[in-house]
Amino acid sequence: MDSYSIPYNVANIHKIIGGKTYNYEEKYPEDAPGDELGADARIFKVYNDEAEKYDADMIRGFKDSLDGLLVFASLFSAVVTTLLVETIRVLPTDQSRVTNNLLYENNLLLRANGNITIINSLLPYDPDSVTLTTTDVWINALFVASLALSLTTALLSVLAKQWLQAYASVTSGSARDVALIRHLRFVGLKKWKMHEIIGTLPLILHTSLGLFFAGLFVFIRSL
């Protein structure tokens, strides 16, 4: 016998795929004449079994990817927020800086010791004279954009997980009803491009990471 011509009988199939037979002619009885498309016809039972295997693999892959994205996006958002809290202080008037400058001016007046010439030479401090630099604006803009994209990734990941949970929810009824409901849900996934949405999430997170590193580079360079 040719080594490539392996007889695919029920015993071999049972052995190859781990003790679970997929010979549906043996698993489900033959339909009575005229009941081939009945509520519990064999064709719908076979469809449900095959769909269950396909959906289990699809959902497992999606959930593994979404769990990783959700954890990374959450931790990354915390890191960006910590840096943003420190850098965003320069955008409004920094009250601590104003206080320090006023205390410094007060010390100069005390050291003048009533000398009118020295006092007149001192320029009064104006809090509104503090101006923002382009570097400050760029740093905060990059960090804010990075945080926004990271939070968007986390939000979409949660929504996608809820979507998958609704898709995999158990339905009751006849084999035909279960098959039709499953097909309706699967068509909905295709129509709303769920595969493409989940595939785009890593790209959004990578963009967020790139913006963060760009802001971090500008921040370190400005020190």
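Because the structure is a prediction, the values reported are computed rather than measured.
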On a heavy-atom basis, which atom in [X] and which in [Y] lie closest, and how many Å separate them?
X: Arg42; Y: Tyr28; answer: NH1-O, 3.3 Å
X: Ser222; Y: Thr135; answer: CB-CG2, 3.6 Å
X: Ala73; Y: Ser150; answer: O-OG, 3.1 Å
X: Ala179; Y: Phe44; answer: CB-CD2, 4.1 Å

Apply the test side chain to side chain contact (heavy atoms under 4.5 Å, CB included) to residues Tyr47 and Ile43: give CA-CA distance (whole Å), side-chain angles for both, the deciding distance (0.1 Å), then the verdict. CA-CA 6 Å; Tyr47 174 85; Ile43 186 174; 5.7 Å; no
Crowding at [atom1], [X] (>12 non-hydrogen neighbours, <6.0 Å):
X: Leu216; atom1: CG; answer: yes
X: His183; atom1: NE2; answer: no
X: Gln165; atom1: CD; answer: no
X: Glu196; atom1: CD; answer: yes

Same cluster or not: [X] versus [Y], using hydrophobic residues (I, L, V, M, F, W, Y) connected whenever any side-chain heavy atoms lie under 4.5 Å apart?
X: Leu149; Y: Leu83; result: yes
X: Phe72; Y: Leu75; result: no
X: Leu156; Y: Leu164; result: yes
X: Ile198; Y: Trp192; result: yes
X: Phe212; Y: Leu203; result: no

Side-chain H-bond candidate by donor/acceptor type, Ser174 with Asp40, under 3.5 Å: no
[atom1] of [X] to [atom2] of [Y]: how many Å apart, nearest 0.5 Å?
X: Leu147; Y: Leu211; atom1: CG; atom2: CG; value: 11.0 Å
X: Asp64; Y: Leu69; atom1: CG; atom2: CG; value: 11.0 Å
X: Leu205; Y: Thr152; atom1: CG; atom2: OG1; value: 10.5 Å

With side chain to side chain contact (heavy atoms under 4.5 Å, CB included) as the test, would you mind laying out the steps for Phe143 and Ile88 before giving the verdict? CA-CA 9 Å; Phe143 282 165; Ile88 205 170; over 6 Å; no
Would you say the side-chain atoms of [X] pair up with the backbone N or O of [Y], donor to acceptor, closer than 3.5 Å?
X: Asp55; Y: Ala168; result: no
X: Arg176; Y: Leu37; result: yes
X: Arg182; Y: Glu52; result: no
X: Ser65; Y: Phe62; result: no
X: Asp177; Y: Ser172; result: no

Would you please classify the geometry between the Phe186 ring and the Tyr167 ring as parallel, tilted or perpendicular, with 30° and 60° separating the classes? tilted
Any Ser146 side-chain heavy atom under 4.5 Å of Leu209 side chain: no
Within a strict 4.5 Å, meaning less than it, do heavy atoms of the Phe219 and Leu142 side chains meet? no
Under the side chain to side chain contact (heavy atoms under 4.5 Å, CB included) criterion, do Asp67 and Lys161 qualify, and how do the steps go? CA-CA 9 Å; Asp67 288 340; Lys161 286 175 67 71; 2.7 Å; yes
